[in-house]
Amino acid sequence: MSPTTGSSAEGSEQRIDGLLAAMTLEEKLGQLTLRTADLVSGPKASEVGTDDIRTGRVGSLLHLRDAGRALEIQRIAVEASRLAIPVLFTGDVLHGERTVFPIPLGEAAAFDPDLWRRTARAAAVEAAADGIALTFAPMLDVSRDPRWGRIAECAGEDHWLTARFAAAKVAGFQGKGLADRQSIAATAKHLAGYGLAMAGRDYATVEVSDRTFHEVYLAPFAAAVAAGTACLMPAFTDQAAVPMHGNARILRDVVRDTWGFEGVIVSDYGGIDELVQHGVAEDLAHAAAIALQAGIDIDLMGEAYPKGLPEALARGLVAEADVDRSVRRVLALKAALGLFDDPYGRGDPAFFSRGPIPAHRKLALEAAQKSIVLVTNRDAVLPLDPAPATLAVIGPLADAAPEMLGPWAMYAAPDHAVSLLTGIEAAFAGTRIRHEPGCSIEGGDETAIAAAVAAAREADRVILCLGEALSMSGEANSRGNPVLPGHQAALARAVIDTGKPVVVVLSCGRPILEPWLFEAVDAVLVTWFLGSEAGHAVADVLTGSVNPSGRLPVTWPVALGQVPIFMGRLPTGRPARTSEHYTAKYQDLPVDPLFAFGHGLSYSRFEPSNLQVESRTIAPGETLQITVDVTNHGPRAGETTLLLFSRDPVASISRPLLELRGIGKATLEPGEKTTLAFELVADDLAFIGPDLQPRLEPGAIDLFVGPSAEANRLLGTRIELR
Ligand code: BGC
């Protein structure tokens, strides 16, 4: 699992030994220091000068926005610094670099690991052209809380899906191997449990059992490590009162010792310094010692390593050998990335000189199309085929190109995305289109609603573009009440009152809790933040030239009172029954969500049938084939996704009501039928016991296949695990 592999490993070891022997303490600490350059993504900025590079005081840089400057700085490091150690340029390439793909929560809705890999590959090619050699992605925090702004950055609520996302993204970023000029090192973040920040408030404390932490929250990181991620980043939060930036039990004992991870662990932004605020370190020296002992190699934007470690060494809290261990890992990563042998290999100032990369724009369109989820479609109001004579495109998100990019699109030109209005105008060329924003995304007043209502009255169909601003999602952007902001609900009600058919296009970084809206309008497309090609992708779905296939990677609650609500919950001794008082229900809310995990409609009508297992028993070490037929009874060709779930009905501990085990996809013509096959690996049925060890217990296993986690749409059968 070391980033240094193959025959070059020996030479690289020798080089590292030589460097370590020659380095001063200041130079060693420089290798453990990462500073932000042009952009700032945390509470403080830094002032890095070329002198810091020449003297070796800073070994890695974040957010440098110009390949030309990156090359200049690299030249100083390689040609003018004492030991000629190259700089590691890093960036947050969450969902694209210059070409922006859908936010991760949106892309997760495609349930398509190959797509996830391909978008990461394209992002890596662009990032490498910008000089970047390492990204702080993929983000693998499982989240079940729409209040948390960072739910937009993750693959949703399920750890099995997130583990697939992890493997695909690592493969995409790291490509043919780290040394390849078009590869960038992946950083699986934020390990772990950050998505549990209490009450959805970013950075807040976490309360979770050890067992669940291991089974659910660590699992995607184990998958990233198995896929060869070069780096990991701990979470700002704690587990069992131990902040992750000082959590040796997890970072050292589990990640390094049990998983065998030999790559670099890089702190989050000032995360080591924050051990003082967490109340587990007296000062920066103490914080630095705790983090270093836990196995964190690089201090991102903190003072702890550059300033605290010398003091920690003087006090005897750490030994120089501890520092050397981390320096060795950083140098090994730089070597594996080819930085010593080919320091100017990444960074191509001419790469974007002819504008956007056509193949990447095409991929952005495909990814955006596949991420759209049609959640309601009454009386088949969609697709708008034939095109209506007049269309009213209403709402503050209609003509809002920069918003389409979503959070963490830091390196893209903000206005390069295709707005919804532009996409719709291009797709409905013969239609008379009138646009009225109606109100602002947030703030403002209700005066413009009247003009929007007038436009709706004149139209055959209304496309109502509602949702959030991109600044409402992402880091430090939690919302205590994730509803439509500003006057949008009032706008929607006024437009609905016209009685015209209304299709809502919902741009959002999380489930938006407005259950009435889904009832009141004719169709809703959940479009997240779709990136560069947002407008074209949405227009394609509206016209029907693309048949929607996205599925919700997160359960959509009716109201905040249901949160956390998710597919993998454990059974209760008193399951909800409306007719019985003493059961697990609410007086004032349903227990079921508005939309289940996996929900998503199509213009086709797919029907699964004939669930078969190749054998009724399965033993450890075996794989079982499960097949199901699926027929397209609808009038259009389309892609269907079927999900395989399992349930362990009796085990030594309660097991979840449903566990996701597989994804099956088929594209079918009208009337066509096919058979989808899933493979179930017996050993994957193991679960984490109270002793935190995996156990595979014999007994019955229920298997289900269906389009979503909605119980009444599942086909089921039972097998026996021997
Ligand atoms: C975020 C990380 C990010 C880092 C660098 C932090 O504040 O939590 O996800 O990678 O900043 O931008």
Side-chain angles (χ1 to χ4, degrees), residues 33-46 48 58 60-65 88-97 103-105 120 123 127 130 132-143 148-155 162 165-166 169-170 173 184-197 200-204 206 220-221 224 229-238 243-245 264-275 277-278 291 296-304 406-412 471 473-478 509:
T33 299
L34 200 163
R35 288 268 178 257
T36 180
D38 299 346
L39 305 172
V40 177
S41 55
K44 57 183 179 176
S46 65
V48 197
V58 171
S60 306
L61 285 175
L62 169 63
H63 298 323
L64 192 84
R65 295 312 336 127
L88 174 65
F89 293 103
T90 68
D92 285 296
V93 187
L94 259 292
H95 53 112
E97 171 79 357
I103 54 167
L105 187 64
D130 272 337
I132 289 175
L134 179 150
T135 176
F136 299 127
M139 197 278 214
L140 303 177
D141 293 305
V142 167
S143 176
W148 194 47
R150 305 201 80 167
I151 193 173
E153 296 173 48
C154 76
T162 306
F165 191 79
K169 290 294 179 194
V170 170
F173 287 134
I184 59 175
T187 305
K189 71 184 187 184
H190 311 84
L191 192 149
Y194 189 15
L196 284 161
R201 194 157 57 91
D202 209 355
Y203 318 119
V206 162
F221 293 94
T229 187
C231 297
L232 295 171
M233 178 187 279
F236 283 125
T237 42
D238 65 298
M244 290 311 304
H245 279 73
V264 166
I265 302 186
V266 53
S267 86
D268 204 346
Y269 212 103
I272 304 176
D273 296 14
E274 290 173 17
L275 292 175
Q277 276 78 44
H278 275 285
I296 298 181
D297 302 308
I298 294 183
D299 183 347
L300 163 52
M301 281 305 286
E303 301 299 339
W408 289 111
M410 301 182 78
Y411 315 132
S471 60
S473 292
E475 186 176 356
N477 290 318
S478 292

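Note that ligands are numbered from 1 as they come in the structure, with each ligand's atoms numbered from 1 the same way. Nothing fancy with the numbering, it's 1 onward along the sequence.
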Next item on the list: Find all atoms of ligand 1 within a distance of less than 4.0 Å from any non-hydrogen atom belonging to R150, and give their numbers and elements.
Entry: 1 (C), 2 (C), 8 (O), 9 (O)

Next item on the list: Would you name the heavy atoms of I103 and G509 that are closest together and state the gap between them?
Entry: CD1-CA, 3.9 Å

Margin query: Please determine whether side chain to side chain contact (heavy atoms under 4.5 Å, CB included) holds for the pair L94 and F136, giving the CA-CA distance in whole Å, both sets of side-chain angles, and the decisive distance to 0.1 Å.
Written below: CA-CA 7 Å; L94 259 292; F136 299 127; 5.7 Å; no

Notebook entry, point to check: How close do H95 and P407 get, heavy atom to heavy atom, and via which atoms?
Noted result: NE2-O, 2.6 Å

Next item on the list: Classify the contact between T36 and ligand 1 as side chain, backbone, both or neither, using a heavy-atom distance cut-off of under 4.0 Å.
Entry: neither

Check: Is M301 touching ligand 1 with its side chain, its backbone, both, or neither, if touching means heavy atoms under 4.0 Å apart?
Finding: neither

Notebook entry, point to check: Nearest to atom 3 (C) of ligand 1, what protein heavy atom do you find, and at what distance?
Noted result: D92 OD1, 3.3 Å

Next item on the list: Grab the two heavy atoms, one from L34 and one from L61, that are nearest each other, plus how far apart they are.
Entry: CD2-C, 4.1 Å

Check: For the residue pair W148 and Y194, does the interplanar ring angle fall in the parallel (under 30°), tilted (30 to 60°) or perpendicular (over 60°) class?
Finding: perpendicular

Notebook entry, point to check: For ligand 1, is any non-hydrogen atom under 4.0 Å from M410's backbone (N, CA, C, O), its side chain (CB onward), both, or neither?
Noted result: neither

Item checked: Closest protein heavy atom (residue, atom, distance) for atom 7 (O) of ligand 1 -> E475 OE1, 2.7 Å

Next item on the list: Using a strict cut-off of 4.0 Å, indicate which atoms of ligand 1 neighbour a heavy atom of F236.
Entry: 7 (O), 8 (O)

Next item on the list: List every atom of ligand 1 that sits less than 4.0 Å from any heavy atom of L62, numbering the atoms from 1 in the order shown and giving each element.
Entry: 5 (C), 12 (O)

Next item on the list: Find out whether I132 and E97 are in side-chain contact, i.e. whether some heavy atom of one side chain is under 4.5 Å from a heavy atom of the other.
Entry: yes

Notebook entry, point to check: For ligand 1, which atoms, with element, lie under 4.0 Å from some heavy atom of M233?
Noted result: 10 (O)

Next item on the list: For F136, counting its heavy atoms only, list the atoms of ligand 1 lying under 4.0 Å from any of them.
Entry: 10 (O)

Notebook entry, point to check: Which residue owns the protein heavy atom closest to atom 2 (C) of ligand 1, what's the atom, and how far is it?
Noted result: D268 OD1, 3.2 Å

Notebook entry, point to check: Can you find a pair of side-chain heavy atoms, one from R150 and one from D141, that are under 4.5 Å apart?
Noted result: no

Next item on the list: Examine the proximity of ligand 1 to H190 and report which part, side chain or backbone, both or neither, has a heavy atom under 4.0 Å away.
Entry: side chain

Check: Will you find, in the side chains of Y269 and E274, an N or O donor that is under 3.5 Å from an N or O acceptor?
Finding: no

Next item on the list: Please identify which atoms of ligand 1 are closer than 4.0 Å to at least one heavy atom of K189.
Entry: 2 (C), 3 (C), 9 (O), 10 (O)

Next item on the list: Report the relative orientation of the aromatic rings in H245 and F236; use parallel for angles under 30°, tilted for 30 to 60°, perpendicular for over 60°.
Entry: parallel

